[in-house]
Amino acid sequence: MAQEIEHYLMEQFENGLDGNDKIISKIPRYSQFQAIKTVLKEIFRSSSSLVDQPLRDKLYNLNNALTECQILSRKRGFYSPEELLTINRIRMELKQIKKELKTILGNSYRGSNQNIDEQIVSISSKDMEPFRWSTRSVDASKVYGFDDDVLSMEKLLVQQESRDRFKAIGFVGREGIGKTTLCQLVFNKPEVKNNFLPRIWVCMARDPDGHEGEDLKVAIVKRMLVYLGVGKETVKSIFDEKHGLEGLLCALYQQLVGKRYLIVLDDARETDSWYGQLDSCLSRDKKWDDGFAFGFPKGHGGRVIATSRNEEVAKMMVGEKNIHHLLPLSDPDICWAIFKDTVEDDRALLNASNLDDLKLEIKLKCGGLPLAAKMMGQAMRTD
């Protein structure tokens, strides 16, 4: 009975993608769904036993995502900003599901002594890339509308009057508004590179490394130590042999003390007060693991930047006076530039006679959100 559930869910997924209706190939993320179907078929072909709760969960999630995309495909005209962000969320979910399915596929081959390299030659090397959650790199030539914000933020970081003081800064705004992109631009500016060493980029999202079940506080501090060059085995021994989180935070402090560091804490979401008041110092009545702040040495010009969709979370971390709000783009030309970069192969659209009206429509439809403008461009592409 258990295997029948997996087979039934797989059949539902295939039927949803392989129908006779021509509109099916026009659903958002169609090529992603098809690539996942290829991996799933290989799993079903290679596995003698499919009683696998993680596989079943992924099939449920895939069918739900496919239904969402089918509903979205029925809409005429441009998607709304909220719908575009939904499509982007589905894109990221599908990317993660595909990665995890390949892990299941690899395990099934190892269990049957088959050569996984020979069995999945039809899957491209691009498809085998690991899931990326957030990085410190960005193509600056493809970013528009942040020039003033970048200059202000750069000055804020390197200003001489507070050169030796610790400073925590928060950037707040809704999903897709460009918080991460802005920080990426500043993170890679030459003057910032020259003023701060080390510089590390830390994703604050829950379970991005696949360490399911591990305490998020522990996972984040471990992540930071590894990015600072501490070996994974050393980090593990610190945690195992030196009092857990307390030992990790002490080690983080030792790695940063005396240095003018820059740390970006991207996509902060946790409301736990443990993450709050990053400018706090360790006192006699506190222990190392009483607060995240105690891992950050003060007095040597260190900087911490936190980005969040939740203003209260950011205030808790850096203080209300250190919050900077990112607002939607107001210039139709900037929204158009983002859109045009993504849909650059559609000459008829780009040479439209009513270009000014089209620019304004793009700006209104995307709501001034850079990510939504980009998603609109992707939706217009024919590939």
Side-chain angles (χ1 to χ4, degrees), residues 23-36 61-62 64-98 126 129 131-135 137-146 173-185 205 266-267 307 309 326-350 352 355 357-383:
I23 199 172
I24 289 175
S25 63
K26 301 297 184 182
I27 66 171
R29 315 315 309 170
Y30 176 76
S31 61
Q32 246 184 316
F33 283 116
Q34 287 288 0
I36 288 173
N61 292 338
L62 281 169
N64 289 337
L66 181 57
T67 299
E68 280 191 89
C69 288
Q70 288 170 334
I71 293 171
L72 286 167
S73 69
R74 296 169 189 160
K75 177 172 181 175
R76 296 183 180 275
F78 288 124
Y79 295 115
S80 70
E82 290 74 18
E83 289 166 337
L84 289 165
L85 294 176
T86 295
I87 294 171
N88 189 58
R89 170 183 57 78
I90 291 172
R91 177 182 69 85
M92 299 300 291
E93 289 174 356
L94 294 180
K95 200 172 182 181
Q96 179 68 2
I97 287 173
K98 188 176 180 182
K126 183 179 179 181
E129 290 180 1
F131 176 64
R132 301 288 295 273
W133 20 293
S134 71
T135 73
S137 60
V138 65
D139 183 355
S141 68
K142 300 291 186 181
V143 179
Y144 304 93
F146 285 111
R174 62 176 296 186
E175 179 185 8
I177 206 162
K179 303 179 295 297
T180 296
T181 300
L182 171 60
C183 291
Q184 287 168 329
L185 291 170
D266 190 35
D267 198 16
T307 75
R309 302 173 198 174
L326 285 187
L327 301 176
L329 299 171
S330 58
D331 188 344
D333 286 328
I334 295 175
C335 297
W336 172 254
I338 298 169
F339 174 82
K340 178 174 172 289
D341 257 1
T342 314
V343 73
E344 56 189 4
D345 57 341
D346 194 328
R347 297 180 183 178
L349 175 65
L350 301 184
L355 191 57
D357 291 341
L358 185 56
K359 288 180 180 181
L360 183 58
E361 183 180 5
I362 295 296
K363 187 261 178 184
L364 294 174
K365 291 287 187 180
C366 76
L369 301 180
L371 179 59
K374 182 177 179 180
M375 295 298 296
M376 287 177 69
Q378 290 176 351
M380 293 295 296
R381 293 182 65 156
T382 58
D383 59 349

Asp341 versus Lys142, closest heavy-atom pair with distance: OD2-CD, 3.3 Å
Which atom of Phe33 lies closest to which atom of Leu62, heavy atoms considered: CE2-O, 4.0 Å
Distance-minimising heavy-atom pair for Ile338 and Lys374: CG2-N, 3.8 Å
For Met375, the option from Ile87, Thr86, Thr342 that meets side chain to side chain contact (heavy atoms under 4.5 Å, CB included): Ile87
Nearest-0.5 Å distance, CD of residue Glu361 to CH2 of residue Trp336: 10.0 Å
Minimum-distance pair of heavy atoms, taken over all atoms of Pro328 and Ile177: N-CD1, 3.5 Å
Test item: Leu94 and Ile36 side chains (from C-beta on) under 4.5 Å apart, heavy atoms: yes
N/O donor-acceptor pair under 3.5 Å between Glu175 side chain and Arg309 backbone: no
Gap separating the SG atom of Cys183 from the CZ atom of Phe146, nearest 0.5 angstrom: 9.5 Å
Whether Lys363 side chain and Cys335 backbone form a donor-acceptor pair below 3.5 Å: no
Distance (rounded to the nearest 0.5 Å) between Leu369 CG and Leu326 CG: 11.0 Å
CD1 on Ile97 to CD on Gln32, rounded to 0.5 Å: 9.5 Å
Atom pair CG (Leu358) and NZ (Lys365), whose distance is rounded to the nearest 0.5 Å: 11.5 Å
Presence of salt bridge, Arg89 and Glu68, under 4.0 angstrom: yes
Donor-acceptor contact present, side-chain Lys179 to main-chain Arg174, <3.5 Å: yes
Heavy-atom side-chain contact between Thr307 and Leu182 under 4.5 Å: no
From Glu93 atom CD to Gln96 atom CD, the distance as rounded to the nearest 0.5 Å: 10.0 Å
Side chains of Thr181 and Pro370 in contact at under 4.5 Å (non-hydrogen atoms): no
Note, Pro28 side chain near Ile90 side chain (heavy atom, < 4.5 Å): no
Nearest heavy atoms of Ala140 and Leu185, plus distance in Å: CB-CD2, 3.8 Å
